[in-house]
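Written below as structure tokens is the structure these notes are about.
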Amino acid sequence: MPDPFTSRVIAIIKRIPPGNVLTYGLIAKFAGNPRGARQVSRILHSMSSTEGLPWHRVINAEGRIVLASDLEKDEQAALLREEGIVVSPDHRVDLDRYLWKSVNIDY
DNA sequence: TTAGTGACAGGCA
DNA sequence: CTGCCTGCCACTA
């Protein structure tokens with residue numbers, strides 16, 4: 001079994017509704033570790049199997065898509081656009097508009 | 001064991 | 001706006 005933090009991160013990401021996004025730092029905070037942003041990114045990177053995980057709805061605090069390759073960035077941007085999210089050519093989204101605000105999860 | 005690294009964040013010039 | 005620095009924490013050489 002993975003540690004509690006990891007399971008919570010997975011649970012939260014699974015509940016992000018289509019058309020909305022969350023940031024690494026926010027997810028970490030909701031999962032109980034305000035300083036775990038980098039862990040969230042690492043979890044997604046390793047669990048790239050993405051078993052039904054909407055990983056593409058996770059972006060950084062600036063509303064930017066930051067991945068290793070430009071190819072991956074375009075891929076994620078395409079997935080987001082399919083959900084109606086406007087992604088600028090330089091891979092940025094409007095957080096004020098698409099950030100998932102009604103995060104309410106009980107453990 | 002120490003040093004470097006990264007799908008991050010926040011402050012500052 | 002961009003770039004640099006610091007704090008963070010797990011992983012790797």
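Sequence lines set the chain letters: A, B, ... in the order given, protein chains first and strands last, and positions in each chain run from 1. The figures that follow rest on heavy atoms only: side chains count, while hydrogens, waters and symmetry mates do not. From a predicted model like this one, the values you see are computed outputs, not experimental measurements.
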Inset, instruction - Tell which nucleotide pairs with dG11(B), taking only Watson-Crick or G-U wobble pairs whose two distances are both under 3.5 angstrom. - result: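 Base-paired to dC4(C).
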Inset, instruction - Would you indicate whether R97(A), at its atom CZ, is surrounded by more than 12 heavy atoms from other residues, nucleotides or ligands within a distance under 6.0 Å? - result: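 Counting other residues, nucleotides and ligands, CZ of R97(A) stays at 12 neighbours or fewer.
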Inset, instruction - Return yes when atom NZ of K29(A) has more than 12 non-hydrogen atoms of other residues, nucleotides or ligands closer than 6.0 Å, and no otherwise. - result: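 No.
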Whole-Å distance separating the [atom1] atom of [X] from the [atom2] atom of [N]:
X      : N       : atom1 : atom2 : result
R57(A) : dA7(B)  : CZ    : C1'   : 17 Å
N60(A) : dG6(B)  : CG    : P     : 16 Å
R35(A) : dA9(B)  : CZ    : P     : 15 Å
H91(A) : dA7(B)  : NE2   : P     : 16 Å
L44(A) : dG6(B)  : CG    : C1'   : 13 Å
I65(A) : dC8(B)  : CD1   : C1'   : 15 Å
E62(A) : dC12(B) : CD    : P     : 16 Å
Y24(A) : dA9(B)  : OH    : P     : 8 Å

Nearest listed nucleotide, side chain of [X], among [options]:
X      : options                 : value
R92(A) : dA9(B), dA10(C), dC1(C) : dC1(C)
Q39(A) : dA10(C), dC8(B), dA7(B) : dA10(C)
A37(A) : dC8(C), dA7(B), dA9(B)  : dA9(B)
L67(A) : dA7(B), dC8(C), dA10(C) : dA7(B)
R42(A) : dA7(B), dC9(C), dC11(C) : dC11(C)
T23(A) : dC11(C), dA7(B), dA9(B) : dA9(B)

Legend entry - Side chain R57(A), main chain I16(A), donor-acceptor under 3.5 Å: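 Side chain of R57(A) to backbone of I16(A), a donor-acceptor pair under 3.5 Å: yes, one is there.
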Legend entry - Whether R8(A) side chain and A31(A) backbone form a donor-acceptor pair below 3.5 Å: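 Side chain of R8(A) to backbone of A31(A), a donor-acceptor pair under 3.5 Å: yes, one is there.
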Inset, instruction - Kindly indicate whether the side chain of R38(A) and the base of dG6(B) share any N or O donor-acceptor pair separated by less than 3.5 Å? - result: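 Pair found.
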Inset, instruction - Tell me yes or no: between the side chains of D74(A) and H91(A), is some donor less than 3.5 Å from an acceptor? - result: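 On atom types as modelled, these side chains qualify, holding a pair under 3.5 Å.
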Inset, instruction - May I ask you to evaluate whether R64(A) reaches the phosphate of dT2(C), defined as a side-chain N or O under 4.0 Å from OP1 or OP2? - result: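 True: R64(A) side-chain N/O within range (under 4.0 Å) of dT2(C) OP1/OP2.
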